[in-house]
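Convention: sequence-line order gives letters A, B, ...; per-chain numbering from 1. Please read all numbers here as calculations on a predicted model, not as lab measurements.
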Protein chains: 2
Amino acid sequence: MFTLSEENYLKAIFHLEMMSGTGISTNAIASKLETKASSVTDMVKKLAEKQVLVYKKYQGVSLTKSGKTTAARIVRKHRLWEVFLVEKLNFSWDEVHDVAEQLEHIKSPKLTRELDAFLGFPKTDPHGDPIPDHEGRFDSVEKRLLSSLKENEVGVCVGVDDSSSNFLQYLDKNGISLGEKIEVLSIESFDGSLSIKVAGKVLSISSKIATNIYIQS
Amino acid sequence: MFTLSEENYLKAIFHLEMMSGTGISTNAIASKLETKASSVTDMVKKLAEKQVLVYKKYQGVSLTKSGKTTAARIVRKHRLWEVFLVEKLNFSWDEVHDVAEQLEHIKSPKLTRELDAFLGFPKTDPHGDPIPDHEGRFDSVEKRLLSSLKENEVGVCVGVDDSSSNFLQYLDKNGISLGEKIEVLSIESFDGSLSIKVAGKVLSISSKIATNIYIQS
DNA sequence: AAATATTTTTAGTCTTGTCTAAAAAATTAT
DNA sequence: ATAATTTTTTAGACAAGACTAAAAATATTT
């Protein structure tokens with residue numbers, strides 16, 4: 001069994017490994033968790049003893065099989081709760097994160113199992129991210145950044161990179177949501193900003209926005 | 001804002017005050033929380049500084065208005081989650097307690113509000129206990145013990161005193177559930193055991209059982 | 001390859017919440 | 001009313017998790 005703190009470390013390392021492969025540095029973990037590198041060193045030693053990760057001094061850490069499963073199960077719970085909040089309790093996709101962050105630590109296999117069934121075994125959360133199964137497996141949705149489209153290409157919004165409230169509210173305001181068709185009308189070569197058509201309306205978005213939206217063709 | 005531990009102390013004291021009035025002893029709290037009296041003294045000092053209770057050395061403690069509201073809100077969440085687990089996730093009434101014990105600490109006013117609405121604003125939990133409103137008010141269901149009935153009197157099961165898994169499973173096995181009509185056929189003066197009729201079947205129960213079932217006439 | 005800069009670890013401290021053992025107060029019994 | 005008992009509090013210690021400051025290792029420059 002893991003403490004709240006241990007679970008948060010596992011989840012952070014899991015996410016970092018998803019993005020940048022194996023061998024995660026102390027500093028990367030510290031900045032993700034908004035803590036200090038020295039605290040990370042302490043915790044990482046503890047987790048190494050529990051066999052959920054491998055740690056060699058000055059070499060960063062890597063999750064073991066068991067560590068990956070444990071972390072994926074936390075992510076699974078987080079995303080299931082997000083679906084619940086949006087579909088059943090009228091939360092919008094920018095409001096779910098903080099609450100799911102708490103709910104993901106509830107320990108009850110039956111609860112997770114039944115919640116999954118109650119929601120109809122969803123495959124993705126409200127931001128388009130895949131929900132791992134009990135064994136920690138999940139389809140890595142093949143997705144590209146909106147910014148990788150060329151002029152006149154079309155895609156469907158399948159996810160976002162940044163889940164901050166600000167960003168999601170911006171998307172809502174402009175009619176961009178999961179499943180929405182996005183057409184690139186033109187690309188401004190000067191600053192990389194795009195003119196896109198979404199939900200029938202034409203819209204100009206910065207390149208920064210475009211690198212935070214995932215689409216599928 | 002209160003820590004997990006502080007919330008558990010508040011809830012314990014709240015429950016003790018419900019049963020035995022004001023001025024709760026250190027020892028009573030310690031035994032309810034399965035901790036030591038010295039730990040209670042420490043925590044109680046902390047909570048007194050936070051103005052949620054009044055503490056005078058050697059005199060026991062009493063919740064303030066604000067302490068009562070805080071505690072009732074935790075109880076509110078606990079009982080709403082119990083309803084959710086039983087009504088939506090196929091938990092039986094003997095399985096809900098441990099999970100609700102975790103869920104009651106989730107901090108999100110919107111979550112509590114929406115959950116309440118989602119469940120149709122229930123007034124009692126699966127054990128028949130009243131669900132406080134946001135302000136901490138609740139109808140104290142006037143209930144009597146089954147053991148207070150005389151021969152040939154009839155009542156409806158509205159709650160239980162003991163919520164342990166063992167006891168609830170015993171009730172399930174014998175067809176006793178909330179809303180069930182119970183008729184006292186005879187009382188054995190020797191040991192106080194009762195012969196009752198419930199769900200069409202005749203059943204003999206000990207006096208201990210009868211003092212753990214609440215009925216309304 | 002030495003010097004500098006960065007990253008990581010160690011050592012020691014702090015807070016929260018708990019515990020044990022001993023002291024102090026309150027209660028009960030004689 | 002004094003003695004014995006029980007309850008409660010104090011004092012000091014400990015574990016978890018975090019922090020600061022300094023030391024050690026690694027990386028980067030020149």
[atom1] of [X] versus [atom2] of [N]: gap in Å, rounded?
{"X": "B/Asp42", "N": "D/dT10", "atom1": "CG", "atom2": "C1'", "value": "9 Å"}
{"X": "B/Glu6", "N": "C/dT15", "atom1": "CD", "atom2": "P", "value": "16 Å"}
{"X": "A/Glu7", "N": "D/dA16", "atom1": "CD", "atom2": "P", "value": "17 Å"}
{"X": "A/Ile24", "N": "C/dT8", "atom1": "CD1", "atom2": "C1'", "value": "15 Å"}
{"X": "B/Lys36", "N": "D/dT7", "atom1": "NZ", "atom2": "P", "value": "15 Å"}
{"X": "A/Lys45", "N": "C/dA11", "atom1": "NZ", "atom2": "C1'", "value": "10 Å"}

Can you list the steps and then say if B/His78 with B/Asp125 is a side chain to side chain donor-acceptor pair (under 3.5 Å)?
CA-CA 9 Å; B/His78 182 104; B/Asp125 78 8; 6.0 Å; no
Quick one: do B/Glu7 and B/Lys107 make a salt bridge, cutoff under 4.0 Å?
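Salt bridge: yes.
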Would you call A/Lys143 and A/Asp129 a salt bridge, taking side-chain N to carboxylate O under 4.0 Å as the test?
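A/Asp129 and A/Lys143: salt-bridged.
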Passes salt bridge (Lys or Arg N to Asp or Glu O under 4.0 Å), B/Lys11 versus B/Glu101? Steps please.
CA-CA 11 Å; B/Lys11 198 175 52 130; B/Glu101 204 79 352; 3.1 Å; yes
Check whether the side chain of B/Ser38 and the base of C/dT20 form a donor-acceptor pair under 3.5 Å.
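Per atom types, the contact qualifies.
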Quiz question: by atom type and distance under 3.5 Å, do the side chains of A/Arg76 and A/Thr112 form a donor-acceptor pair?
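Per modelled atom types, A/Arg76 and A/Thr112 side chains form no pair under 3.5 Å.
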May I ask you to list the residues of residues 48-63 of chain A, by number, that have any heavy atom positioned under 4.0 Å from an atom of DNA chain C?
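Residues of residues 48-63 of chain A under 4.0 Å from DNA chain C: A/Tyr55, A/Lys57, A/Tyr58.
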Are B/Lys45 and B/Tyr55 in a cation-pi setup, meaning NZ or CZ lies under 6.0 angstrom from the ring centre and within 45 degrees of the ring axis?
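So B/Lys45 doesn't make the cation-pi contact.
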Presence of [X] side-chain N/O under 4.0 Å of [N] phosphate oxygens OP1/OP2:
{"X": "B/Asn27", "N": "D/dT6", "result": "no"}
{"X": "A/Thr35", "N": "D/dC19", "result": "yes"}
{"X": "B/Ser5", "N": "C/dT18", "result": "yes"}
{"X": "B/Thr3", "N": "C/dT16", "result": "no"}

Which nucleotide in [options] has an atom nearest any side-chain atom of [X]:
{"X": "A/Met43", "options": "D/dT20, D/dT8, D/dA18", "answer": "D/dA18"}
{"X": "B/Thr26", "options": "D/dT9, D/dT10, D/dT7", "answer": "D/dT9"}
{"X": "B/Ser39", "options": "C/dC19, C/dT9, D/dA18", "answer": "C/dC19"}

Taking only residues two or more places apart in sequence or in another chain, which ones pass side-chain contact (heavy atoms from CB on, under 4.5 Å) with B/Glu6?
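Listed in chain order: B/Phe2, B/Thr3, B/Met43, B/Lys46, B/Leu47, B/Lys50.
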